[in-house]
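All values derive from a computational prediction rather than experimental measurement. By convention in this document, chain letters (A, B, ...) are assigned in the order of the sequence lines, proteins followed by strands, and residues within each chain are numbered from 1.
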Amino acid sequence: MDVSPLLDALNDAQREAVAAPPGHTLVLAGAGSGKTRVLVHRIAWLVGVDRVPEHAILAVTFTNKAAAEMRHRVQSMVSDLGRGMWVGTFHGLAHRLLRRHFREAGLPETFQILDSDDQLRLIKRVQRDQGLDDARFPPRQSQWFINHCKDEGQRAEHLDAYGDGLKQVKIAVYAEYEARCQRSGLVDFAELLLRSQELLLRDPHLLEHYRQRFRHILVDEFQDTNEIQYAWIRLLAGDTGQVMVVGDDDQSIYGWRGAKVANVGRFQEDFPHVRLLRLEQNYRSTANILNAANALIAHNSERLGKHLWTDGAPGEPLTLFAAYNEMDEARFVVERVREWIAQGQAATDAAILYRSNAQSRIFEQQLIAAGVPYRIYGGQRFFERVEIKDTLAYLRMLTNPDDDAAFERAVNTPSRGIGAKTLAQVRARAATDQMSLWRAAGDLCDGGGLASRAAHALSDFLQLIAELGADLAGRELAEKIERVITRVELVAHYQSEGAERAQTRVENLEELVRAARGFVLQAEAAEDDPLVAFLANAALEAGESQAAEGEDCVQLMTLHAAKGLEFPLVFMCGLEDGLFPHMRAVEEAGRMEEERRLAYVGITRAKRLLYLCYAEQRRWHGGNTARRLSKFVSEIPAELIREIRPRIQVSRAWQSGGPGVSPVANQCAIKLGQNVRHDSFGHGVVVNVEGAGEHARALINFEQVGSKWMVLSYGNLEML
DNA sequence: AACACCGCGTTTTTT
DNA sequence: ACGCGGTGTT
């Protein structure tokens with residue numbers, strides 16, 4: 001059996017995983033150890049060697065991107081397209097179950113998915129109606145509470161406040177929110193999982209059906225599973241399903257949103273006879289980079305234990321750059337990127353990583369100034385843009401008029417004279433009669449009780465929706481969207497916001513129509529209404545922000561967003577105590593190890609060259625604050641690091657623990673990193689200081705003319 | 001309905 | 001410092 005060509009290109013550990021005998025398997029796969037490869041080959045093995053029918057395989061990932069990649073790679077390996085095989089995200093698969101069995105799940109056929117934005121609006125609405133003060137009961141906290149409860153598998157009725165008044169309020173909000181979702185046929189992200197779990201629990205026949213069907217369950221990034229996802233896998237597996245989970249406890253960085261690394265250990269207890277395999281050979285990074293990562297992560301105590309190794313070359317040492325301030329840091333990084341590109345390397349092979357999104361701006365500025373193409377990940381997503389959501393709200397109304405979230409958005413966008421007062425009446429009626437806003441509005445129009453102007457405006461809206469419904473029936477998906485945009489006069493509406501803004505909005509609307517035209521129903525969803533499927537897809541797959549794909553550009557993203565990716569050249573920036581590890585993580589117990597894992601993830605992204613950067617001074621929350629090098633850097637053996645400070649030789653402030661100001665600089669009341677302006681040389685940064693009193697001189701790095709020594713008592717420098 | 005002002009938060013983010 | 005969201009004013 002092991003002569004299968006499937007195993008040829010694999011190492012021993014990988015082979016063992018791919019050709020694992022029947023039973024449960026836990027694969028601890030270190031960074032860059034060929035994790036995805038193993039999963040894909042395993043599926044191919046099951047189908048090709050073990051003769052498992054494709055429909056008996058369920059493969060789960062976390063992100064759409066990972067699911068798409070897996071689908072793609074499986075298709076290229078398994079002769080025929082992965083037909084009947086379920087490959088998707090937890091949410092996508094749960095959604096599929098609910099669509100198939102909407103009746104048993106207690107949902108309307110046209111139920112829609114509530115994204116977090118809509119969810120927050122709805123919660124705000126609920127809280128306001130319950131007379132809660134937003135300041136005392138922040139809606140965001142309620143949202144977090146509700147999602148957290150659902151992630152833990154708990155319904156409002158299961159919860160007990162134990163006399164905690166605040167919790168009592170949250171539970172009440174949860175209950176009312178859920179009631180409204182149910183009335184409107186809306187399902188939020190966490191609900192997808194919880195509801196589909198309940199569906200299976202409540203319907204033994206259905207559960208048995210799926211247990212019989214999915215004999216093989218594979219889970220990627222298992223360390224990121226939360227309580228409900230874990231329970232979901234367990235439930236589906238039952239006693240018959242064979243589960244292979246692949247994960248790396250050292251790369252668990254989503255504890256703050258409910259992921260439980262403990263699930264990795266639990267898996268071994270909850271499932272019988274788990275075969276534990278380790279993938280420890282790294283094929284990605286040079287030995288130096290890998291050793292740095294190993295040394296760093298060794299500082300964590302809660303580990304299952306794993307030691308990555310490579311038989312590759314040591315490669316270059318890591319480079320540590322101490323910048324004066326964040327501007328200097330950005331300049332340095334951009335300069336290195338330019339050199340990289342000048343050497344004929346691809347820009348896309350370089351990544352600038354940072355802890356928080358706020359850091360991206362300065363890099364963006366410098367990249368623009370240097371004319372280097374770049375792409376920032378993690379901006380606003382396509383389907384979350386206002387114009388898209390406005391348009392989709394109408395389509396949602398047409399699909400399911402009881403969708404209150406859609407009603408609230410569409411009813412006065414563009415403004416058509418339906419003000420707060422009128423809406424309050426509609427909401428009140430809906431509340432008393434326990435009906436949707438749509439039906440309450442209808443009743444109000446029919447039954448009078450509204451001021452005539454309001455009644456007109458409202459009935460115009462109701463009529464608009466009715467007419468649109470009639471007009472769109474039977475048309476193609478893309479045409480429906482086009483007609484909504486025209487009929488509702490959305491373009492004119494956005495025009496009032498200013499020409500430039502309107503221009504992008506219109507372009508996005510065109511993109512939306514294009515997306516609809518190119519929308520292909522998944523085979524499994526063929527029986528669904530294309531519009532319903534399109535709307536669900538829009539929520540589940542919110543889409544990347546800037547789809548400028550194909551262009552060769554530097555990649556900018558947070559460390560979190562970098563997980564799963566690799567780059568020949570990596571810059572980890574802002575390695576300063578308080579920023580990374582983040583202040584908030586230092587305060588909360590258990591978070592420090594997660595921060596360290598995040599650093600580990602960052603380091604292991606690099607294939608060949610890794611730069612560690614920090615600024616001794618940084619503009620942060622207003623003031624200019626002195627920074628100290630991140631303790632994570634000191635956890636990397638010094639012999640792996642080459643430190644460069646090209647323009648300054650002062651005491652190493654971070655080592656003595658003091659602020660990033662040289663003693664010399666201190667005496668003359670001019671700080672390194674100080675921004676200055678000179679009448680003829682323009683703007684610059686103080687880079688070094690010598691002497692004292694009248695003889696004190698400073699090396700200034702001017703933006704326009706480069707570095708110059710200036711005697712402070714002569715040079716007419718303006719401190720900025 | 002548009003604009004101004006005030007207060008607050010300010011890590012990470014998928015689905 | 002800054003931007004956002006929510007509230008109050010015209």
Item to check | Close aromatic pair by centroid cut-off 6.0 Å: F461(A) and F407(A) | outcome: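 They qualify: ring centres under 6.0 Å apart.
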Checklist entry - Is the F102(A)-F111(A) ring centre distance short of 6.0 angstrom? => result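 For F102(A) and F111(A), the ring centres are not under 6.0 Å apart.
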Next on the checklist: Would you say T399(A) and Q112(A) are linked by a side-chain donor-acceptor pair, where the criterion is simply a distance under 3.5 Å?
Outcome noted: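 Result is no, nothing qualifies.
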Next on the checklist: Looking only at the side chains, is there a donor atom on one of Y177(A) and Q119(A) sitting less than 3.5 Å from an acceptor on the other?
Outcome noted: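 Yes, a side-chain donor-acceptor pair sits under 3.5 Å.
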Next on the checklist: Looking at R409(A) and D390(A), is any side-chain nitrogen of the basic one under 4.0 Å from a carboxylate oxygen of the acidic one?
Outcome noted: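 Answer for the salt bridge query: yes.
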Checklist entry - Base, sugar-phosphate, or nothing: which does R416(A) touch, judged by heavy atoms less than 4.0 Å apart? => result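 No contact.
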Next on the checklist: At 4.0 Å (heavy atoms only), tell me whether D188(A) reaches a base, stays on the sugar-phosphate, or touches nothing.
Outcome noted: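 Nothing: the residue D188(A), judged by heavy atoms under 4.0 Å, touches no strand.
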Using the [atom1] atom on both, measure [N] against [M] and round to a whole Å.
| N | M | atom1 | result |
| --- | --- | --- | --- |
| dC4(C) | dT11(B) | P | 15 Å |
| dT14(B) | dG3(C) | C1' | 25 Å |
| dG5(C) | dT12(B) | P | 16 Å |

[X] side chain: which of [options] is closest?
| X | options | result |
| --- | --- | --- |
| R355(A) | dA1(B), dT11(B), dT13(B) | dT11(B) |
| H560(A) | dT13(B), dT11(B), dA1(B) | dT13(B) |
| K124(A) | dT15(B), dT13(B), dG5(C) | dG5(C) |
| S415(A) | dT11(B), dT14(B), dA1(B) | dA1(B) |
| A561(A) | dT15(B), dT13(B), dT11(B) | dT13(B) |

Checklist entry - Are R385(A) and F382(A) in a cation-pi setup, meaning NZ or CZ lies under 6.0 angstrom from the ring centre and within 45 degrees of the ring axis? => result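 No, R385(A) and F382(A) do not form such a contact.
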Item to check | Any N/O donor-acceptor pair, T63(A) side-chain to dT15(B) base, under 3.5 Å | outcome: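 In this structure, the two groups form no donor-acceptor pair.
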Item to check | Which residue lies more 5' along DNA chain B, comparing L192(A) with N412(A) via nearest heavy atoms | outcome: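 In this pair, the answer is N412(A).
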Is there a side-chain contact between [X] and the phosphate of [N], meaning an N or O under 4.0 Å from OP1 or OP2?
| X | N | result |
| --- | --- | --- |
| N357(A) | dT12(B) | yes |
| R381(A) | dT14(B) | yes |
| N64(A) | dT15(B) | yes |
| N147(A) | dT14(B) | no |
| T558(A) | dT12(B) | no |

Checklist entry - Can you tell me how far P of dT15(B) sits from NZ of K563(A), to the nearest Å? => result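 Nearest whole value for this atom pair: 12 Å.
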Item to check | L93(A) CG - dT15(B) P separation (whole Å) | outcome: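 About 13 Å, once rounded to whole Å.
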Checklist entry - dT11(B) base stacked by W256(A)? Criteria: ring centres under 5.5 Å, plane angle under 30°. => result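 Check failed, W256(A) does not stack on base of dT11(B).
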Checklist entry - Between H91(A) and dT14(B), do the rings stack, that is, sit under 5.5 Å apart with planes less than 30° off each other? => result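 Aromatic stack with dT14(B) absent for H91(A).
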